[in-house]
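Only one structure is covered here, and it is reproduced in the block below.
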Amino acid sequence: MIAEGQRRYVESLSAYARQFLERIEKPDADVIDGIAPAVAIRQKNSTRNPRSTVATATEIYDYMRLLFARVGRTYCLKCGQEVKKDTVDEVADVIVGMKEDTRLQVLFPLQTSSSRPAPAEKKSGRRKKASAEASHLPSDLLKSRLLDLRTRGFNRLYQNGQIFEFSTPESLLDVDFGAPVFLLADRLVVTADARPRIVDAIETAYRESGEVIFESAACESETPEQFRFTQRFECKRDHIRYEEPEPILFSFNNPYGACPRCQGFGNTIDFDLDLVIPDKSKTLNEGAIEPWTKPKYRPLFTELKRFAKQVKISVDVPWSELEPEHQKLIVEGEGKFPGVRGFFAHLERKKYKLHVRVFLSRYRGYSMCTTCGGARLRPEAQQVKINDRNICQVCSMTVEQASDFFQSLDLRPQEAAVADRLLVEIRERLRFLNDVGLEYLTLDRLASTLSGGEAQRIQLATSLGSRLVGTLYVLDEPSIGLHSRDTHRLIRILHNLRDLGNTILVVEHDPDIMKASDRILDLGPGAGENGGRVIATGTFAEIKKNSASLTGRYLAEELRIQLPSNRRKPGTQQIEIRGARAHNLKSIDLNIPLGMIVAITGVSGSGKSSLLHDVLYQALCVNKKQANGTPPAAPLWDSVDGSEYLDEVVLVDQSPIGRTPRSNPVTYIKAFDGIRDLFASLPESQKRGFSAGHFSFNIPGGRCETCQGDGTVTVEMQFLADVELICEECKGTRYKPQVLDIRYHQKNIHEVLNLTVKEALKFFAEAPKITEKLRVLEEVGLGYLRLGQSATTLSGGEAQRMKLAAHLQPGARDIGRPSASGSPQRKRRVLYIFDEPTTGLHFDDVSKLLSAFRRLIDAGGSIIVIEHNLEVIKTADWVIDLGPEGGERGGYVVGAGTPETIAKLPNSYTGKYLAALLNGNGTSGSNGHK
């Protein structure tokens, strides 16, 4: 439907516009009627632009730029005073408000390029003397300017309290044109009816020079008092001129507004302090600053100790415990001590030497821009503020904080009138983000760092903000990553989109979303080759009554996932985490029991991923000295103990299992080795001298060399998008014709790779070496995948289950395998960390997943799973609930214990929905049912 909707939209464009777009083929359907222009909102986060943020992706930043340009107040970089133009009415109000009968002289400066002092030059002898004598004389350009002013009615010059009349030319000889000279525009007395004359004088001065000076004196003995006003945008105190705020000034995508050093990226390639000081637990005496431990730079180490003694910095305190100002002194330097930055700046000037470039490369990395501090904008843009906040500070707020900020803005009546429409748009979009459960995201969060579910909800909020009508929205499981508490928010968003006049088509397994839908279309009965048929269609109530629908049977509770008969009890073997403080975690302490299924729960943004990915996984990898363990730049935990109870830790996430078309399910689980050996053992293969390598498309031999085993050829189109075409040599089969002549049970290797896993189990029934590997894919609910399906086409949930299947392979971890002597080996103690493994799973598939989990536990493993699915949570042995909210209001341990214990906690959102499920009082909110 998406393909046809997009194709029809493109076909409606002009021939000129279509030439810049890719040709979209007609979908494989006989007839599609009544389709609207389609918008696909997918799970996958395809944004890789380092400039794209949450604010830019939702168009909030566009409105913020306009708001700050029209309402923002500019403050001087030097003195902090507000910078503004003086309008004629404002100046007149000040003057009229002076004491009655005050006498004023209205002046404006005589401005010419020659009247400004020339740059200092080296002059000698007679020439220098002649220049000094002539400096007070008017230049030819100045004479022309004076003549022009006189013809327009200006007859008096003013300097140092004296007036010089044009009518007496000899008096002009006393004017020092090398010093400031002013024109006398008017002389007046402040009275109640003098305003028209004052306004006229101001306008005259502004027209001639852009500024006006009112000079007054109470009596002749006093020094005249001056009041200076200007219509130029500059600081009154420091006379620094600023650019008037325009939306482009706040764009980090444009050279005009971007920081000149980092070009709007917020970071630069510079020395990386984490590489310069790799071990923050070392003291300065122990060589915390790594480059200064090298023999060549030992003198700098001596200089550092001398400087530390001078400014009273302890050299025996770990770097991480030094005061921030002391750390800054060592990095930035002071006086004759260059500091770390000065040291590298000196080396930058020596880059023409090869060994210096090699030395610098060891300490280079992306670091925060020192000019803008990561704010991305030029300094002038950061001086424009609303309610004492610049646009960068507002972007650093979370969605929730920004919403409060814009709701409580204190603006003048005139500013409020200008900002009214802009604030409506900003507040609406922030409300949409809050409604889809993303209140914990900061507006400057990079779009490339969002999860698939977060990216999808960002697109959803943007779509609602654009207020399109008559559009078909197709969403792929928008509830992914959402806690049960936030599902009703999502439903409200979908209803709002529908009520605008749009059609919403949602692929979903969540019963609450099914219940809120107007109509359900159930496909099946199975997956892959066994699916693709319409099993049932109707309302939620009608689907529940349809016994032919597997979905309906689960919704009607004819089928259900049972509670475990007895839960495993925590033993003495536990992982103890103390002081976990990654991201929003509040230095929490907790114990994670091993040998059981432990569920980590909490609302979105409560710190679940930070705890498992950034603390637990990294700490255990460092302790176990695994290759992917890297100590963090700053300590994110005090201690993580219990690694001695584990042989290995495995993170089973949703990252792709391969990035090339040659990577597929059977190569990943090593089943292709058995298939190739089987084909190589056939009589015809042996007759032709084919080995197992001839049936591989990864090495030369039997593969098609034109496409190198990809089956497709990519044609580079230079400035256009690359085009991928089916290989004309092998017609997409990947192999040479001679290899395709070899058949097993009437199928060649290409046809075998097109079988689904379920079909292959029957086809290879006589080859147990192959079927025992393929059977695991069927057990984790992937029986519908084709053996040769490209790994790049798998969803995140499918990739995660592929990794699970690899770990469930017989002997994959030497679990329970007999030793050479025949006695069984000790079960390998592996900790598996899963991140939302139920993504994309039907109720029936969740049951299969839980069976796979139990097999891992029985084989000696331990499982920790981040999950919102209440069916998984209710079957877990132990639950650790984080929260209570997301973002800054999260990061605490709300409770830990069995699901029944969590269900009794009054301040746990998870407990509230879990209690309803355990007591049979409602659906789960995320794949939930009794």
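Every heavy atom of this structure was used, including side-chain atoms; hydrogens, water molecules and symmetry mates were not.
Note that CD of Gln800 and OG1 of Thr838 are 8.5 Å apart. Values are rounded to the nearest 0.5 Å. One distance of note links CG of Asp510 with CG of Leu482; it measures 9.0 Å at 0.5 Å rounding. The distance from the OH atom of Tyr913 to the CG atom of Leu918 is 15.0 Å, given to the nearest 0.5 Å. With rounding to the nearest 0.5 angstrom, the CG atom of Asp638 is 10.5 Å from the CG atom of Asp641. With rounding to the nearest 0.5 Å, the separation of CZ in Arg568 from CG in Asp877 is 4.5 Å. Residue Leu777 holds its CG atom at 11.0 Å from CD of Glu798, rounded to the nearest 0.5 Å.
Looking at Gln574, its side chain never comes within 3.5 Å of a backbone N or O of Glu576 through a donor-acceptor pair. At distances below 3.5 Å, not a single donor-acceptor pair connects side-chain atoms of Thr293 with backbone N or O atoms of Ile289. Side-chain atoms of Lys773 never come within 3.5 Å of backbone atoms of Lys670 as a donor-acceptor pair (strictly under, hydrogens ignored). In terms of modelled atom types and a separation under 3.5 Å, the side chain of Ser908 and the main chain of Leu905 share no donor-acceptor contact. A distance-only check finds a donor-acceptor pair linking the side chain of Thr283 to the backbone of Glu286 [under 3.5 Å]. Under the 3.5 Å distance criterion, the side-chain polar atoms of Ser52 are left unmatched by any main-chain donor or acceptor of Asn49. Proximity of a side-chain donor or acceptor of Lys586 to a complementary backbone N or O of Asn584 within less than 3.5 Å is detected. Looking only at distances, a side-chain donor or acceptor of Lys803 sits under 3.5 Å from a matching main-chain atom of Asp653. Distance alone, capped at 3.5 Å, is enough to place a donor-acceptor pair between the Asn623 side chain and the Val640 backbone. Between the side chain of Gln401 and the backbone N or O of Thr398 there is at least one donor-acceptor pair closer than 3.5 Å.
Residue pairs meeting the salt bridge (charged side-chain N to carboxylate O under 4.0 Å, His left out) criterion with at least one partner in residues 894-919, sequence neighbours excluded, are Arg567-Glu900.
Heavy atoms from other residues, nucleotides or ligands lying under 6.0 Å from NZ of Lys282 number 12 at most. Residue Tyr668 qualifies as enclosed at atom OH: its count of foreign heavy atoms under 6.0 Å is above 12. A 6.0 Å sphere centred on NZ of Lys294 holds more than 12 heavy atoms belonging to other residues, nucleotides or ligands. For Met368, the CE atom is loosely surrounded, since the number of other residues' heavy atoms within 6.0 Å does not exceed 12.
The pair Asp270-Arg341 counts as a salt bridge, with a side-chain nitrogen and a carboxylate oxygen less than 4.0 angstrom apart. Glu648 has no carboxylate O lying under 4.0 Å from a charged side-chain N of Arg829, or vice versa, which leaves the two without a salt bridge. A salt bridge is defined here as a Lys NZ or Arg NE, NH1 or NH2 lying under 4.0 Å from an Asp or Glu carboxylate O, and Arg376 with Asp444 fails to meet this definition. Salt bridge Asp647/Lys624: absent, no basic N to carboxylate O contact under 4.0 Å. A salt bridge does not link Arg457 with Glu477: every distance from a Lys NZ or Arg NE/NH1/NH2 to an Asp or Glu carboxylate oxygen is 4.0 Å or more. Between Asp858 and Arg855, none of the side-chain N atoms (NZ, or NE/NH1/NH2) sits under 4.0 Å from a carboxylate O, so this pair counts as no salt bridge.
A 4.5 Å side-chain heavy-atom check between Ile864 and Leu612 finds at least one atom pair inside the cut-off. Put simply, the side chain of Leu446 does not reach to within 4.5 Å of the side chain of Pro50, judged on heavy atoms. By the 4.5 Å heavy-atom criterion applied to side chains, Ile561 and Leu850 are counted as neighbours. A heavy-atom distance below 4.5 Å is found between the side chains of Pro570 and Trp878. At least one side-chain heavy atom of Asp614 sits under 4.5 Å from a side-chain heavy atom of His583. Taking 4.5 Å as the limit, every side-chain heavy atom of Ile866 sits out of range of all side-chain heavy atoms of Phe834.
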Decide side chain to side chain contact (heavy atoms under 4.5 Å, CB included) for Asp272 and Ser367; before the verdict, give the C-alpha distance in whole Å, the side-chain angles of both, and the deciding distance to 0.1 Å.
-> CA-CA 6 Å; Asp272 188 342; Ser367 59; 5.5 Å; no

Arg578 and Trp637: CA distance, side-chain angles, deciding distance, side chain to side chain contact (heavy atoms under 4.5 Å, CB included) verdict | CA-CA 6 Å; Arg578 298 292 178 264; Trp637 60 84; over 6 Å; no

Arg445 and Thr442: side-chain hydrogen bond (donor to acceptor under 3.5 Å, both in side chains), yes or no, with the steps?
-> CA-CA 5 Å; Arg445 169 88 172 263; Thr442 57; over 6 Å; no

Starting from the C-alpha separation in whole Å, work towards a yes-or-no answer on side chain to side chain contact (heavy atoms under 4.5 Å, CB included) for Ile575 and Leu831.
-> CA-CA 11 Å; Ile575 297 173; Leu831 173 63; 3.8 Å; yes

Chi angles and distances behind the side-chain hydrogen bond (donor to acceptor under 3.5 Å, both in side chains) call for Thr910, His483 | CA-CA 8 Å; Thr910 304; His483 190 272; 2.9 Å; yes

Could you please spell out the steps behind the side chain to side chain contact (heavy atoms under 4.5 Å, CB included) verdict for Leu782 and Met802?
-> CA-CA 8 Å; Leu782 295 177; Met802 281 294 304; 3.8 Å; yes

Quick one: do Asp845 and His509 satisfy side-chain hydrogen bond (donor to acceptor under 3.5 Å, both in side chains)? Show the steps, please.
-> CA-CA 11 Å; Asp845 296 322; His509 297 296; over 6 Å; no

Between Asp881 and Thr601, does a side-chain hydrogen bond (donor to acceptor under 3.5 Å, both in side chains) hold up when you go through it step by step?
-> CA-CA 5 Å; Asp881 192 38; Thr601 64; 2.7 Å; yes

Evaluation steps, salt bridge (Lys or Arg N to Asp or Glu O under 4.0 Å), between Arg854 and Glu779 = CA-CA 12 Å; Arg854 285 190 286 271; Glu779 290 171 353; over 6 Å; no

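Checking Thr901 against Thr898 by side-chain atom types alone, a donor-acceptor pair falls below 3.5 Å. Tyr440 and Glu888 are not linked by any side-chain donor-acceptor pair at a separation below 3.5 angstrom, with hydrogens and angles left out of the test.
Shown here are the salt bridge (charged side-chain N to carboxylate O under 4.0 Å, His left out) partners of Arg298, two or more places apart in sequence or in another chain: there are none. Listed by chain and number, the residues in a salt bridge (charged side-chain N to carboxylate O under 4.0 Å, His left out) with Glu321 amount to none (sequence neighbours excluded).
Remark: aromatic rings of His807 and Tyr832 are close, center separation under 6.0 Å.
Checking each of Phe301, Tyr297, Tyr363 against Phe343 for a ring-ring contact (aromatic ring centres under 6.0 Å, His included) leaves exactly one that passes, namely Tyr297.
Taking the six-membered ring where the residue is Trp, Phe344 and Phe359 present parallel rings, their angle staying beneath 30° rather than reaching 60°.
Phe271 does not carry Arg364 over the face of its six-membered ring by the limits of under 6.0 Å from the centre and within 45° of the normal.
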